[in-house]
Protein chains: 2
Amino acid sequence: MSTEPVWPAELFTDLDRTGPIPLYYQISSRLERAIRVGTIPAGARLENEISIGEQLGLSRPTVRRAIQELVDKGLLVRRRGIGTQVVQARVSRPVELTSLHEDLNRSGISPTTRVLSLERMPADAATAQLLNVAVGTEITRIRRLRSADGTPMAVLENMLPPEFADITIEHLEAKGLYEILRARGITIKIANQTIGARRTHGDEHELLDLPKGSPLLTMERVAFDQGGRVIEAGQHCYRPDLYSFSTTLVAR
Amino acid sequence: MSTEPVWPAELFTDLDRTGPIPLYYQISSRLERAIRVGTIPAGARLENEISIGEQLGLSRPTVRRAIQELVDKGLLVRRRGIGTQVVQARVSRPVELTSLHEDLNRSGISPTTRVLSLERMPADAATAQLLNVAVGTEITRIRRLRSADGTPMAVLENMLPPEFADITIEHLEAKGLYEILRARGITIKIANQTIGARRTHGDEHELLDLPKGSPLLTMERVAFDQGGRVIEAGQHCYRPDLYSFSTTLVAR
DNA sequence: AAGTGGTCTAGACCACTCC
DNA sequence: GAGTGGTCTAGACCACTTC
């Protein structure tokens, strides 16, 4: 038995057709909320694209684009000849271009940061290559301890190119690095990151309150702006009992 | 100084306009190859979308869609008022819905699999919830050791729902699990996965040829088909000196 | 002012699935 | 055969960047 297709048109009565927010985005964000809160239940079939367009006074490509956004997020599945359905599986938000600081904030946890060191130094060969600057360029090296509710969670090491030489300890203890960068108009567009594991080195076990030689979850990241300039390179390690990376993968 | 925009139209002379392969896909895949091999260098600016469409005899939306594919992959950056540029950063392929077996194959390494155990058993409460079946349902539990060039790399544990009760050790030692599933017409559409770290447990250190209590990189995954049915649930652990997860993140 | 990408329209034909 | 999504066309207007 197949159920009737659903379309809660009442959610879309007051679309703003003149403002700066794209119509497809207004549709997809309301639809996403309706799915996440359960107004549209898992497994429900949506009405077809043309019919939705007629009800909303929109062309099919616009409706299609809105739906595609949620297909890409893994909330909807489209099948030719069948229709569009809400996915049955729970979907977690993808690994995004955010910092640990923002992740924690979103979880309702108030992160604190202790700056362990903040120094300017000439780039050695490895760092110069990483940041794509000349050897000997004065770069900024930061080492921070990030805690959540008083419990140490991660040791964060970052290298910054010379343009950020004026960042202070006060900045870093008040806000996350990505927040500071964004306030300067820096937009991170692309990042390459690698997740791995290793034992604690040096003082990491003390900082993270772990036995010496414990396993750590590690993440290395190089972040670029729109023009391909390196904005930061980080080598971070996390307490694996307190932190992990979750994501939802969607097949193309 | 800004350079002239480029468009190697000669790469697109023999588009197949009648076959089953979409035009936008033909464009984007050829363009991707040209970028990856360096025919179009990093930082190059592409011609504008309308001009490309005219040269290729295509409408702008089709050209736009082709370009969008590569923007989503992080190979191109678009800026309003400026144009479309090849990203300066190296881009690694994203974490995809593939198995370790396929990852290794793609890297030119021939993986081998030893089945450590293959058993049918009634689902306990935790497994039943994971696989979304009734408690006591006969499920299949697999434990495998995956090696590359003779070196043990990972211990793979999977739970499968009852419909796969006929999978044999011979199947599993010849092919990857996902390959076997695909051969049965099973398409995995969505997966939730979590990456973490922990110490070795039980016999893992022996299997992976590591000291007892060494760090392991772990990945848990629940994979769903189009209809939201659970296809497999896996708990895998990897030797962190031989394996890590790399990906490129692209800001929306 | 000129050029770029961002959005949107109103259609069209096709492939696939189900009955 | 009817209904669905997948692709594609040929335009339009707008916002943003550069000159």
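Numbered from 1 within each chain, the chains take letters A, B, ... in sequence-line order.
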Restricting both atoms to N or O, compile the protein contacts to nucleotides 14-19 of chain C shorter than 3.5 Å, with distance only.
from, atom 1, to, atom 2, distance (Å)
C:dA15, O4', A:Arg80, NH1, 3.2

>> Please tell me whether A:Asp16 and A:Thr18 have a donor and an acceptor in their side chains that are separated by less than 3.5 angstrom.
In response: yes
> Going by atom types only, do A:Tyr24 and A:Gln68 share a side-chain donor-acceptor pair under 3.5 Å?
Replying inline: no
Phosphate-side-chain proximity, [X] and [N], N/O vs OP1/OP2 below 4.0 Å:
| X | N | value |
| --- | --- | --- |
| B:Arg78 | C:dG6 | yes |
| A:Asn48 | D:dT4 | yes |
| B:Thr84 | C:dT4 | no |

>> What verdict does the side chain to side chain donor-acceptor pair (under 3.5 Å) test give for A:Glu232 and A:Tyr178, after you've listed the backbone C-alpha separation in whole Å, the side-chain angles of each residue and the deciding distance to 0.1 Å?
In response: CA-CA 10 Å; A:Glu232 65 104 1; A:Tyr178 276 33; 2.6 Å; yes
> Using a heavy-atom distance cut-off of less than 4.0 Å, which residues of residues 21-30 of chain B contact DNA chain C?
Replying inline: none
Rounded distance (nearest 0.5 Å) linking atom [atom1] of [X] with atom [atom2] of [Y]:
| X | Y | atom1 | atom2 | value |
| --- | --- | --- | --- | --- |
| B:Glu54 | B:Asn48 | CD | CG | 8.0 Å |
| B:Trp7 | B:Leu56 | CH2 | CG | 6.0 Å |
| A:Leu76 | A:Glu32 | CG | CD | 9.5 Å |

> When we call it a touch if two heavy atoms are under 4.0 Å apart, what does A:Leu58 touch: a base, just sugar-phosphate, or nothing?
Replying inline: sugar-phosphate
Between [atom2] of [N] and [atom1] of [X], the distance in whole Å:
| X | N | atom1 | atom2 | answer |
| --- | --- | --- | --- | --- |
| A:Ile50 | C:dC13 | CD1 | P | 13 Å |
| B:Arg79 | D:dA15 | CZ | C1' | 16 Å |
| B:Leu76 | C:dG5 | CG | C1' | 13 Å |
| B:Glu49 | D:dG11 | CD | C1' | 15 Å |
| A:Trp7 | D:dT4 | CH2 | P | 14 Å |
| B:Gln68 | D:dC8 | CD | P | 15 Å |
| A:Ile52 | D:dT4 | CD1 | P | 10 Å |
| A:Glu54 | D:dT4 | CD | P | 11 Å |

Is any side-chain heavy atom of [X] closer than 4.5 Å to a side-chain heavy atom of [Y]?
| X | Y | answer |
| --- | --- | --- |
| B:Val222 | B:Val230 | yes |
| A:Ser246 | B:Gln193 | no |
| A:Asp72 | A:Val250 | no |

>> Looking at A:Arg33, I want to see if its CZ is surrounded by more than 12 non-hydrogen atoms of other residues, nucleotides or ligands under 6.0 Å.
In response: no
> Take atom CD in B:Gln129; do more than 12 heavy atoms of anything else shown fall under 6.0 Å from it?
Replying inline: no
> In residues 59-66 of chain B, what residues come within less than 4.0 Å of DNA chain D, judged by heavy atoms?
Replying inline: B:Ser59, B:Arg60, B:Pro61, B:Thr62, B:Arg65
